[in-house]
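Structure record follows, encoded as structure tokens.
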Amino acid sequence: MNQHNLGRTDVVRKLIIDGRFVMPVEGRTFGTYNPSTGELLATVAEGDARDIDLAVAAARRAFEGPWSKFTPFQRQEVILKFADLVDRHFEEFSQLDTLDMGMPITMTRGRRQRAIGMLRMYASMCVTIGGRTLPNSLPGDVFAYTLKEPVGVVGAITPWNAPLTGTIWKIGPVLATGCTMVLKPAEDAPLTALRLGELALEAGVPPGVVNVVPGPGTVAGAALAAHMDVDKIAFTGSDATGRRIIEASKGNIKRLMLELGGKSPDIVFADADLDKAVAGTAMGIFGNSGQICSAGSRLLVERSIYDSFVERVADFAKALKVGNGIEPDTQIGPVVSSKQMERVQSYLGLGVGEGAEVVAGGNRLVDGQLAQGYFLAPTVMKNVRQTMRIAQEEIFGPVVTAIPFDDVGEALRIANSTVYGLGSGVWTRDVAKAHGVAKGIRSGTVWVNCYGVLDPVIPFGGYKMSGYGRESGIDHVEEYLATKAVVLQNG
Ligand code: NAD
């Protein structure tokens with residue numbers, strides 16, 4: 001069954017619980033909208049605490065039932081089949097993401113290798129999970145070893161900004177380790193998660209292993225975070241929600257993995273390849289309309305080139321083609337919702353009030369068809385001081401704040417002076433300088449002479465208030481495993 005034939009807004013996209021497509025207990029639904037046009041895209045079942053209860057119970061049964069009997073090879077086979085299905089339906093996923101949250105179609109199509117590559121990497125990890133034997137100093141003939149076991153039922157809560165890859169980041173390690181899950185996608189873009197849940201069943205993932213329950217964060221998400229039979233929450237979203245999840249999780253002291261926001265510095269030294277740095281820093285913030293957690297939203301530029309470099313980034317921003325995400329020549333799509341647009345606009349006003357100068361953008365775009373959607377011009381703000389709110393707080397829109405610095409020490413001081421530590425970039429031809437800055441920055445990733453590039457094997461996550469836990473690579477799979485020590489005395 002494909003419950004995602006777009007164009008049918010009257011057909012309710014149902015919850016996926018225990019391998020079945022079901023209406024929520026209360027029968028409520030909500031609409032998901034295309035931010036490029038403001039039009040209703042689909043009607044989605046709205047789960048609440050009772051649906052979460054049912055989904056968690058199904059996940060628990062599956063965890064203790066047939067899924068626990070799957071050998072590593074069998075899990076691997078299922079994930080590879082799932083990867084093939086996602087690959088076969090990739091164009092459909094590209095369109096779903098573009099229509100549901102606005103990311104330009106060239107960008108959603110461009111994620112094929114990453115999306116499929118992630119699933120194949122998790123498949124490869126099924127067969128590498130294992131404990132160790134432990135030489136020890138205990139008296140007698142004691143043999144000790146560790147077992148690596150799946151942590152159990154995982155509650156996964158995702159944001160709307162990268163539905164396909166963001167959801168695979170949650171499903172992949174669950175399947176690789178033998179956990180089960182209840183997935184609560186963001187209200188603004190739930191369609192991809194539902195379709196992935198459907199294809200997981202088609203791939204042979206047993207019923208109850210991947211349950212998908214869209215619904216309001218404060219209702220369905222909160223119920224999942226507080227649930228006494230959920231062993232772990234894997235959360236991606238804002239730090240404000242992250243704090244609520246920490247609070248809600250305390251009942252059964254469940255494990256947490258928090259991938260939160262950022263205010264990432266992108267540092268340009270005068271000795272860099274400036275042509276490359278203009279395009280790299282600009283797309284490091286404007287790509288996906290700034291709605292990337294690790295977006296390089298603070299542009300730190302060495303003072304000797306500050307004016308000329310910022311002017312070039314402003315020119316680059318003005319030349320970007322902003323439009324409906326589904327058009328193949330669109331480089332920058334809308335922001336996800338009117339609420340998000342108003343939030344970004346309020347920061348623009350705040351920045352000007354704080355004394356920053358707008359050198360590109362700064363306005364909503366309303367020409368012709370654009371008036372129907374939530375389009376903001378890529379914006380460059382100059383003469384920004386690090387103490388301003390626009391340089392401290394995550395805007396999550398196409399807005400970069402440009403700050404000058406005099407030397408490496410000052411660049412590092414500015415780079416590290418926010419509560420976040422997710423991404424960062426350094427542009428220089430001086431290898432020693434690059435290494436020094438990479439070591440000095442307190443963030444989970446440092447990109448040198450590039451920005452925002454991700455690979456399935458490279459761990460991603462935050463320092464400071466950008467959260468804890470790592471996604472991608474070996475570290476990721478470890479987060480879904482518990483270590484059991486077995487100590488065995490002969491005789
Ligand atoms: P959000 O925190 O508002 O929502 C994220 C998810 O949490 C949604 O599914 C929402 O329904 C749910 N939620 C809301 N309130 C909840 C509650 N009380 N209990 C449980 N769940 C609740 O974030 P958003 O606006 O969807 O996404 C933007 C944020 O996500 C930004 O801060 C961005 O930086 C961050 N993000 C981080 C990463 C990363 O990997 N670090 C990746 C993408 C986005």
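Atoms within a ligand are numbered from 1 in the order they appear, just like the ligands themselves.
- Between the Glu46 side chain and the Pro214 main chain, no donor and acceptor come within less than 3.5 Å of each other.
- Those atoms of ligand 1 with a heavy atom of Asn161 less than 4.0 angstrom away are 43 (C), 44 (C).
- Between Lys184 and ligand 1, an N or O atom pair is found at a separation short of 3.5 Å.
- Residue Arg244 places no N or O, backbone or side chain, under 3.5 Å from any N or O of ligand 1.
- Interface of Glu259 with ligand 1, defined as ligand atoms under 4.0 Å from a residue heavy atom, comprises 37 (C), 38 (C), 39 (C), 40 (O), 41 (N).
- Atoms of ligand 1 lying under 4.0 Å from at least one heavy atom of Phe460, given by number and element, are 40 (O).
- The side-chain contact (heavy atoms from CB on, under 4.5 Å) with Glu479 is formed by just one residue from the set Lys232, Arg255, Glu471; it is Lys232.
- Judged by the 6.0 Å and 45° rule, Arg470 forms no cation-pi pair with Trp169.
- For the 3.5 Å distance criterion, the side chains of Thr32 and Asp100 qualify, holding a donor opposite an acceptor.
- With hydrogens and angles disregarded, a donor-acceptor distance shorter than 3.5 Å links the side chain of Asn416 to the backbone of Gly440.
- The protein heavy atom nearest to atom 20 (C) of ligand 1 is Gly221 C, 3.2 Å.
- Proximity to Thr236 (heavy-atom distance under 4.0 Å) selects the following atoms of ligand 1: 5 (C), 36 (N), 37 (C), 38 (C), 39 (C), 40 (O), 42 (C), 43 (C), 44 (C).
- In summary, the side chains of Gln386 and Arg413 do not present any donor paired with an acceptor at a separation below 3.5 Å, with no hydrogens or angles considered.
- Inclusion of Leu260 in the set of residues having an N or O under 3.5 Å from an N or O of ligand 1 is warranted.
- Close approach of ligand 1 to Ile157 is summarised as follows: ligand atoms under 4.0 Å from at least one heavy atom of the residue are 6 (C), 7 (O), 9 (O), 12 (C), 20 (C), 21 (N).
- Considering backbone and side-chain N/O atoms, Thr158 comes within less than 3.5 Å of an N/O atom of ligand 1.
- If you check which protein heavy atom lies closest to atom 27 (O) of ligand 1, you get Pro159 CB, 3.3 Å.
- Between Glu394 and ligand 1, an N or O atom pair is found at a separation short of 3.5 Å.
- Protein heavy atom closest to atom 28 (C) of ligand 1, with residue, atom name and distance, is Phe396 CE2, 3.5 Å.
- Between Thr98 and Thr108, the side chains place a donor N or O and an acceptor N or O closer than 3.5 Å (distance only, hydrogens not considered).
- Under the 3.5 Å distance criterion, with hydrogens and angles disregarded, no donor-acceptor pair is assigned to the side chains of Trp447 and Ser424.
- Between Ser238 and ligand 1, at least one N/O pair is under 3.5 Å apart.
- Regarding atom 24 (P) of ligand 1, its nearest protein heavy-atom neighbour is Trp160 NE1, 3.5 Å.
- Residues Lys184 and Thr158 bring no donor and acceptor atom of their side chains to less than 3.5 Å of each other.
- Checking only distances, Thr241 does come within under 3.5 Å of ligand 1, N or O to N or O.
- If you check the side chains of Glu394 and Tyr420, you find no donor sitting under 3.5 Å from an acceptor.
- Protein heavy atom nearest atom 42 (C) of ligand 1, with residue, atom name and distance: Cys293 SG, 3.0 Å.
- Residue Gly261 has at least one heavy-atom neighbour below 4.0 Å for each of these atoms of ligand 1: 32 (O), 34 (O).
- Distance alone, capped at 3.5 Å, places no donor-acceptor pair between the Thr379 side chain and the Val399 backbone.
- Shortest contact from atom 13 (N) of ligand 1 to any protein heavy atom: Gly217 CA, 3.4 Å.
- Neither the backbone nor the side chain of Glu471 has a heavy atom within less than 4.0 Å of ligand 1.
- No hydrogens or angles considered: a donor-acceptor pair under 3.5 Å links the side chains of Thr165 and Arg111.
- Side-chain atoms of Thr192 and Asp97 form a donor-acceptor pair, as typed in the model, at a separation below 3.5 Å.
- For atom 35 (C) of ligand 1, the closest non-hydrogen atom on the protein side is Gly237 O, 3.2 Å.
- Close approach of ligand 1 to Leu422 (heavy-atom distance below 4.0 Å) involves ligand atoms 41 (N).
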